[in-house]
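Here the structure is laid out as structure tokens; the discussion comes afterwards.
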Amino acid sequence: MDDPKHYGLEMMWALQKRNVDSKADVVILLVHWFLTKKGFRNVGVGDDKTLDNSVEQSELLPEGWNGNKTSYALRYTLNNELYILHGTVSEETLIVNLLQAKTVQVSNAAFNLNTAVQSINSADVRLLFADIGAQITRLDRELVKPLHDGGTKNSGSQTSARSAGSNAAPIRNPSYGEERSRLQIGRGQLPQVGQADLNPFGGLGGGMLMDPLRGMGPGVRLPGARIDPIGPFNRNNRPFPDPDHLPPPGYDDMFM
């Protein structure tokens, strides 16, 4: 095998091809080779999450690695950290998970066995796969890099991003198609109540109704607001502003 990118894979295949009897075995062999290429070392089978530093670390697949044809469990170390590789066959798909035991972060990749593997007994290991380069790229992008480029994002990091300062990007209302800055109420700044009614799908703040006696103080009319007071009130104790705005002439004359 002349391509240095595949160095060691031919030897791995020569050692294990007698033990391989399924397409899932072929993929697990490729995963194991890729992990060792990235510096991982195998410390046996199983999913025990305790690491015994006295256990021999190896580039080889351990005995019994494919004893169960529907699931796989292999243990690896990298920089004195334990990793568990799980493989599960579901119909024609092999789902592979790599768990970092200490942080409980996990990465995963799924392989359609019928499209990823085209043979299980080729003399040339590269011809086992429909496109071995594509499978190696996927292993790097989906299985290894997620654990070594910061790992899976947790809720804390997402919360920090959402709670950034006032220089954060404006909020977009996807149904309205318009960007609006976050609402700020301070001295000399009053909200434009009723602007959301221009949005047929609704928006920040709701409709145009607002009680002037609550929140902003009595007698304060905000720009764009329409006041619909709660009644009844007598004629001499009408709320401000008048819900009917300007009454017609002779309003108080019942014989008009």
Side-chain angles (χ1 to χ4, degrees), residues 4-9 11-13 15-16 19-20 22-91 93-113 116-117 129 132-164:
K5 293 185 297 184
H6 304 145
Y7 180 78
L9 183 58
M11 183 178 294
M12 186 77 64
W13 175 239
L15 292 172
Q16 293 292 338
N19 298 323
V20 171
S22 71
K23 291 183 176 182
D25 285 354
V26 172
V27 175
I28 292 295
L29 186 145
L30 181 68
V31 173
H32 170 82
W33 166 80
F34 186 74
L35 291 178
T36 59
K37 183 179 176 67
K38 291 294 185 178
F40 290 81
R41 294 295 179 265
N42 181 264
V43 288
V45 297
D47 55 7
D48 183 5
K49 295 180 178 60
T50 60
L51 179 61
D52 183 357
N53 291 324
S54 65
V55 176
E56 182 180 357
Q57 302 180 13
S58 175
E59 296 180 15
L60 302 177
L61 277 164
E63 184 177 352
W65 65 273
N66 61 343
N68 188 329
K69 297 305 179 183
T70 59
S71 64
Y72 304 81
L74 298 169
R75 304 169 75 242
Y76 295 87
T77 62
L78 178 67
N79 299 326
N80 295 320
E81 296 290 344
L82 179 65
Y83 293 79
I84 308 294
L85 178 72
H86 285 105
T88 304
V89 178
S90 176
E91 296 181 351
T93 301
L94 174 64
I95 303 171
V96 180
N97 298 310
L98 184 61
L99 169 72
Q100 187 176 24
K102 182 177 180 180
T103 63
V104 201
Q105 292 178 339
V106 64
S107 59
N108 60 79
F111 296 87
N112 185 307
L113 297 174
V117 181
F129 301 91
I132 188 172
Q135 307 311 323
I136 292 174
T137 298
R138 288 193 59 207
L139 290 174
D140 189 36
R141 182 181 67 245
E142 300 176 20
L143 206 63
V144 174
K145 281 188 175 180
L147 298 183
H148 291 274
D149 291 351
T152 306
K153 291 183 178 180
N154 55 37
S155 59
S157 62
Q158 293 173 348
T159 301
S160 298
R162 286 195 299 265
S163 59

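All values reported here derive from a predicted model rather than from experimental measurement.
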Q) Where do Leu98 and Leu147 come nearest, in terms of heavy atoms and distance? A) O-CD1, 3.6 Å
Q: Can you see which heavy atom on Leu143 is nearest to which on Ala109, and at what distance?
A: CD1-N, 4.2 Å
Q.
If the threshold is 4.0 Å, N to carboxylate O, is there a salt bridge linking Lys145 and Asp140?
A. yes
Q: First locate atom NZ of Lys5, then atom CD1 of Ile132, and finally report the distance between them rounded to the nearest 0.5 Å.
A: 10.0 Å
Q: Could you tell me whether the side chain of Asn108 and the main chain of Ile95 form a donor-acceptor pair under 3.5 Å?
A: no
Q) In Å, rounded to the nearest 0.5 Å, how long is the span from CG of Leu94 to OG1 of Thr70? A) 11.0 Å
**Q.** Exercise: identify the closest heavy-atom pair between Glu142 and Ser107
**A.** O-CB, 3.4 Å
Q) Hey, is the main chain of Asp48 close enough, under 3.5 Å, to the side chain of Arg75 for a donor-acceptor pair? A) yes
(Q) Just verifying a value: how many Å separate Leu29 CG and Leu9 CG, rounded to the nearest 0.5 Å? (A) 6.5 Å
Q) How long is the span from the NZ atom in Lys23 to the CG atom in Asn112, to the nearest 0.5 Å? A) 8.5 Å
(Q) By the salt bridge (charged side-chain N to carboxylate O under 4.0 Å, His left out) test, which pairs, at least two apart or in different chains, include something from residues 49-62? (A) Arg41-Glu59
Q) If every non-hydrogen atom of Arg141 is compared with every non-hydrogen atom of Pro146, which pair is closest and at what distance? A) O-CD, 3.2 Å
Q) Ring centres of Phe40 and His32 under 6.0 Å apart? A) no
(Q) With a sphere of 6.0 Å drawn around NZ of Lys69, does it hold more than 12 non-hydrogen atoms of other residues, nucleotides or ligands? (A) yes
Q. Taking the side chain from Trp65 and the backbone from Asp25, do they hold a donor-acceptor pair closer than 3.5 Å?
A. no
Q) Of the non-hydrogen atoms in Ala24 and Tyr72, which two are nearest, and what is the gap between them? A) CB-OH, 3.3 Å
Q. At what distance, to the nearest 0.5 angstrom, does OH of Tyr76 lie from NZ of Lys38?
A. 15.0 Å
Q) With respect to Leu139, which candidate in Leu30, Leu35, Val27 satisfies the side chain to side chain contact (heavy atoms under 4.5 Å, CB included) definition? A) Leu30
Q: Search all heavy atoms of Ala110 against all heavy atoms of Thr93 and return the closest pair with its distance.
A: CB-CG2, 4.2 Å
Listed pairs under 3.5 Å, donor-acceptor, residues 82-91 side chains, sequence neighbours left out:
from	atom 1	to	atom 2	distance (Å)
Tyr83	OH	Gln100	NE2	3.1

